[in-house]
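Presented below is the structure to which this report refers.
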Amino acid sequence: MDTVRDIAALRQMLARLEAERLPGAASVFSLGAAGPEGGGVRLARGALHEVQAAHGADLPAATGFVLALALRAGGADVRRPILWVRQDFAEAELGRLDAPGLASLGLDPSRLILVRAPDAAEVLRAAGDAVRCPGLGALVIEPWGEPKTLDLTATRRLSLRAASSGVTSFLLHAAARPAPTAVATRWRVAPAASGPGAPEEADALGSPAFTATLLRHRGGEGGRPVEGGTWNLEWDHEACSFRDLAPLPRAVVPVPAGRPAGTAAARQGNAGAERGEIVALRRAG
Amino acid sequence: MPARNAARSSRFAAPADGSAAGGTPAEHPLAPPPLVFVEKAQNALRLAAVDRAAHRRGLAPGLTLADARARIPDLAVIDHDPAADAAFLEEVADDCDRWTPLVALDGGDGLVLDITGCAHLFGGEAAMRQRLLAHLARHGLGACAVVAGTPDAARALARSGGGRVREGIVAPGGEAAAVAVLPIARLGVGEEVVTGLSRAGLKTIGDLAARPGTPLAARFGEDLLVRLDRALGREDVRIVPRRPLPACIAERRFAEPIARVEDIEATLGLLVDDLALMLEARGEGGRAFEASFFRADGAVRRLKVETARPSRDARSLRRLYRERIETLADPIDPGFGFDLVRLAVLRAEPLTPAQVSLDGRAVEEEEVAALIDRLAVRLGRERVLRFLQRDTHDPDRASALVPAAALAGPPLPPMPEMLPRPLTLFDPPQPIEALAEVPDGPPLRFRWRRVVHEVARAEGPERIAPEWWRRPEGTPTRDYFRVENREGRRFWLFRAGLYDREPGTPRWFLHGLFP
């Protein structure tokens with residue numbers, strides 16, 4: 001019986017400790033002017049956030065989303081470097097990170113420190129070192145696949161270290177199987193079709209667009225749990241903020257560029273159905 | 001420091017004995033057969049080196065093997081391996097670092113050590129020479145060592161077996177007298193010069209020194225006079241050490257070699273403390289450090305550590321070295337123990353004590369620099385990188401990743417405004433099969449990694465011509481398209497080549513991925 005009481009007491013103690021670590025108002029960041037109620041969900045700084053790509057081929061989108069989150073977390077402080085730990089295999093599969101591309105998303109490339117690690121164990125070790133360095137603006141951990149070493153214990157350790165150093169950390173990987181991880185939030189990201197551009201550039205690609213699903217939000221917002229939801233977001237690199245992706249005014253069909261404009265009216269016919277589909281993805285309220 | 005040493009540069013020339021060039025002991029109690037090393041020269045197997053026993057029985061390098069066998073039937077013959085000899089001499093030279101940091105190779109079988117200001121540490125020149133010879137003898141090396149005022153005099157005397165110099169030490173100013181009796185060939189001049197001079201009746205360096213210089217220079221070149229002056233001690237030149245001279249060093253010598261890892265780490269810790277004090281006094285910080293472990297049996301192991309910014313923080317340096325030792329692929333093998341551990345600052349830069357700013361910015365930058373160092377030590381320098389941007393439109397060259405430790409300077413200039421670029425880039429671009437309108441329409445459909453993508457939107461072309469001053473002639477022009485497939489995934493494709501305007505059939509490539 002004593003054991004049971006002890007365990008109950010311990011649990012209470014843990015709950016108290018956890019509550020103390022709940023983010024205050026100053027140490028959260030939002031996605032920008034997006035999501036429900038304009039402000040969107042709030043994410044804690046100095047915590048570990050997980051971003052999964054919905055599919056292996058969606059990893060570039062997830063990478064962009066992580067970078068955008070890291071920029072949001074950094075806030076106005078543009079001097080602190082962002083450290084990116086990348087496994088070699090990701091480099092081979094997705095290509096190397098490129099400075100002009102980073103600049104296109106709004107990150108000054110000279111702020112990025114790239115660490116290439118040969119395997120998942122080294123990724124974790126380097127991340128464990130980096131997360132303790134309060135001089136970093138953000139930390140991105142990108143192992144390849146579903147490494148066994150990145151389990152509940154490892155992510156919990158990273159979370160605790162992030163909390164004590166204040167380094168906002170992101171774990172980026174493709175969702176192969178649901179593995180338990182101790183993270184503050186978990187996102188699943190897929191690319192979204194471009195929003196509508198100006199009429200004269202009907203075929204132009206818009207800003208980077210994502211369909212982001214919030215799978216888990218630990219601790220909720222101010223103690224109030226936040227339900228998961230799905231948002232269509234667009235990244236505005238100039239404002240360094242997410243905004244809602246406007247529903248498409250027209251169907252997304254494979255349209256070759258340079259097709260005579262006469263078919264545009266025909267395309268508009270499908271718009272309703274497409275718009276309905278997107279709206280259905282949005283979270284009510 | 002004795003005034004004599006300060007005023008005069010004293011040097012050893014210590015050619016390793018020919019018989020020991022292969023690393024074999026000179027004598028053996030069971031008297032093995034004479035040993036010779038052979039190489040093929042002038043269409044015959046000839047002796048390249050002989051051991052002491054063979055030398056005593058009249059064999060000399062240059063003799064053919066057949067002649068040698070005719071004289072001594074029971075010869076032990078080994079193929080001459082100049083590369084192994086050179087490597088062995090490098091090892092010996094490494095070991096000689098324990099006497100002085102200034103060591104130079106002299107030909108294939110000799111070393112020159114600049115012992116200026118070092119001799120008093122070993123009890124004077126004579127004692128130092130004795131200890132050096134004893135140390136080499138312990139490892140089976142027979143050597144001849146001479147201390148003289150200039151490297152050329154020391155070299156000439158040592159290669160003549162010491163000449164008539166008492167105890168191998170030339171008294172200050174006595175170089176001219178000491179080398180006078182040596183043959184002219186010891187000056188290191190060419191064969192034809194020696195022959196020419198001997199025809200004129202000049203056989204020794206002393207003969208040459210007595211002559212006026214101008215006619216000699218007119219007949220045999222300035223080089224002869226320069227060499228003569230150096231050998232006679234009239235002109236002093238420094239040797240070029242084989243390893244760069246460290247900015248400062250700290251070392252510990254042990255009467256009894258140490259072997260335990262804990263002892264080694266503790267020793268390194270003490271050395272780091274010493275160096276930190278030295279660097280502080282100089283107002284400098286080290287960028288590159290090197291620890292050398294001298295094993296009692298002559299092997300030397302070196303561990304290098306570089307830092308992203310000048311550092312003299314004993315704690316972080318100690319940590320870097322611990323990290324370095326932990327991540328060694330082949331751990332330090334102490335063998336019978338190390339009798340000398342040395343820590344040197346290879347490169348130092350000015351480091352003024354920084355005022356801690358109120359927002360702790362300087363501290364944070366220090367922390368990031370320390371993190372970079374630690375990761376670079378563990379993963380390797382080329383795995384911790386930062387971007388270097390170039391002012392070019394060629395996407396392959398627009399950015400490069402360079403070691404973060406090497407890149408310390410002012411922040412980069414901002415990028416010029418350009419069209420959106422992909423977040424990741426393939427190097428080299430990946431070939432794809434694409435269906436597109438001829439001549440310059442965007443792709444309608446393409447296949448990459450066995451998956452067919454239907455293009456929903458396309459933007460382009462953005463024409464990027466090759467940099468003709470860099471690329472080989474005929475490199476095709478590239479028309480880049482940003483495309484989005486039906487799932488919203490975005491790609492950067494290009495067509496290499498223009499229809500009808502450039503030779504060859506245009507091909508399609510995927511160059512990068514957009515988020």
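Reminder, nothing fancy here: chain letters follow the sequence lines and each chain counts from 1.
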> Between A:Ala126 and chain B, which part of the residue has a heavy atom less than 4.5 Å away: side chain, backbone, both or neither?
Replying inline: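 Both backbone and side chain.
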> Is it the backbone or the side chain of A:Leu59 that comes under 4.5 Å from a heavy atom of chain B, or both, or neither?
Replying inline: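 Contact with chain B is absent: no heavy atom of A:Leu59 under 4.5 Å.
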Chain A contact via [X] - which portion, at a heavy-atom distance below 4.5 Å:
| X | result |
| --- | --- |
| B:Leu379 | side chain |
| B:Glu487 | backbone |
| B:Arg445 | neither |

> Below 4.5 Å, heavy atoms only, C-beta onward: do A:Arg116 and B:Leu401 meet side chain to side chain?
Replying inline: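 They are in side-chain contact.
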> Side chains of B:Phe514 and A:Leu205: does their closest heavy-atom pair fall under 4.5 Å?
Replying inline: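 No, too far: nothing below the 4.5 Å cut-off.
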> So, the side chain of B:Arg386 versus the backbone of A:Leu114: is there a donor-acceptor pair under 3.5 Å, distance only?
Replying inline: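 No, because the side chain of B:Arg386 does not come within donor-acceptor range (under 3.5 Å) of the backbone of A:Leu114.
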> Do any N or O atoms from the side chain of B:Ser399 and from the backbone of A:Asp98 form a donor-acceptor pair under 3.5 angstrom?
Replying inline: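 A pair under 3.5 Å: no.
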> What's the verdict on salt bridge (charged side-chain N to carboxylate O under 4.0 Å, His left out) for B:Glu323 and A:Arg125, showing C-alpha distance, side-chain angles and the deciding distance?
Replying inline: CA-CA 12 Å; B:Glu323 192 85 56; A:Arg125 241 183 112 178; 3.4 Å; yes
> Say you draw a straight line from OG1 of B:Thr424 to CD of A:Glu93; how long is it, rounded to the nearest 0.5 Å?
Replying inline: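 Going from the OG1 atom of B:Thr424 to the CD atom of A:Glu93 covers 11.5 Å.
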> Which one of B:Leu513, B:Leu425, B:Leu371 has the most heavy-atom pairs closer than 4.5 Å to chain A?
Replying inline: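 Counting heavy-atom pairs under 4.5 Å, the top option is B:Leu425.
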> For B:Asp394, which residues count as a salt bridge (Lys or Arg N to Asp or Glu O under 4.0 Å) partner, sequence neighbours excluded?
Replying inline: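 Per chain and number, B:Asp394 pairs via salt bridge (Lys or Arg N to Asp or Glu O under 4.0 Å) with B:Arg471.
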